[in-house]
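In what follows, every chain begins at residue 1, and chains take the letters A, B, ... in the order their sequences are listed. Atom set for the values below is all heavy atoms of this structure, side chains included, hydrogens, waters and symmetry mates excluded.
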Protein chains: 2
Amino acid sequence: MKNSIKLLREEKRITQKQLASQVNVSRQAINAIENEKFEPSIWLAYDLAKYFGLSIEDLFHFEESDRK
Amino acid sequence: MKNSIKLLREEKRITQKQLASQVNVSRQAINAIENEKFEPSIWLAYDLAKYFGLSIEDLFHFEESDRK
DNA sequence: TAATGAAGTCAAGTATACTTGACCTCTAGA
DNA sequence: TCTAGAGGTCAAGTATACTTGACTTCATTA
């Protein structure tokens, strides 16, 4: 599932580690989601969207072709 | 996590089984989510929201107190 | 050069979303 | 009455989100 996290994070000039601590997950979880290794849980999606001031649907790109 | 699924489903006059088949999960999964036994995955949340014509944030009620 | 930090990745473990199959209870209709 | 459908729940299994800890590479800077 594609998302805008890496882009938005870089605009904010924060590291994966800093973003991870903002949303209470590990740095590896952020890395994996940015690189589409796995999909976030609904709470993590919510926390990330909230952190960037977006809706879940705007932060994550739901495309049928991305469905596992 | 509270949600409006049961209410909206009953307004549409469809059963848990029918809703389940619309979003490609088991009847038990719908039942468990309606009764807050567990949280939906992000894709299921998306599919349910889309089915009812709502955003994920409008269908599911994210409240800190509900966080596990 | 050497050291440090940021990012990518892997392995092993844990938590939980979801499945199938079963059983029970209640209600509505034949 | 009897039966079928709807909903609630349980047990056991599978898939995957996420953790911790470790290692590597690359870029920046002392």
Answer yes or no for A:Lys50 and B:Phe62: cation-pi contact, defined as NZ/CZ to six-membered ring centre under 6.0 Å and angle to ring axis within 45°.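 The answer is no; the distance or angle limit is not met.
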
Proximal nucleotide (of C:dC18, C:dG8, D:dA17) relative to the B:Ala29 side chain: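 The closest nucleotide is C:dC18.
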
Tell me whether the OP1 or OP2 atom of [N] has a side-chain N or O from [X] closer than 4.0 Å.
| X | N | result |
| --- | --- | --- |
| A:Lys6 | C:dG8 | yes |
| B:Asn31 | D:dG8 | yes |
| A:Asn35 | C:dG8 | yes |
| A:Arg9 | C:dA7 | yes |
| A:Ser41 | C:dT16 | no |
| B:Thr15 | D:dG5 | no |

Assuming nearest nucleotide by heavy-atom distance, tell me which of B:Gln28 and B:Leu44 is located more 5' along DNA chain C.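 Its nearest nucleotide being more 5', the pick is B:Leu44.
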
Do B:Asp66 and B:His61 have side chains that approach each other closer than 4.5 Å (heavy atoms only, starting at C-beta)?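 No, too far: nothing below the 4.5 Å cut-off.
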
A:Phe52 vs A:Lys12 side-chain heavy atoms within contact, under 4.5 Å: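 Yes. Closest side-chain heavy atoms under 4.5 Å.
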
Taking any heavy-atom pair under 4.0 Å as a contact, classify B:Ser26: base, sugar-phosphate, or nothing.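 B:Ser26: base contact, heavy atoms under 4.0 Å.
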
Mind checking A:Ile33 for me? I need base, sugar-phosphate or nothing, with any heavy atom below 4.0 Å counting as a touch.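 Counting heavy atoms under 4.0 Å across all strands, the contact made by A:Ile33 is with sugar-phosphate only.
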
Checking only heavy atoms, does the side chain of B:Arg27 share a donor-acceptor pair with the base of D:dG8 at less than 3.5 Å?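 Under the 3.5 Å cut-off, the side chain and the base do form a donor-acceptor pair.
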
Sole residue of A:Leu54, A:Ile56, A:Ile30, A:Val25 in side-chain contact (heavy atoms from CB on, under 4.5 Å) with A:Leu48: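 Among A:Leu54, A:Ile56, A:Ile30, A:Val25, the one meeting side-chain contact (heavy atoms from CB on, under 4.5 Å) with A:Leu48 is A:Ile30.
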
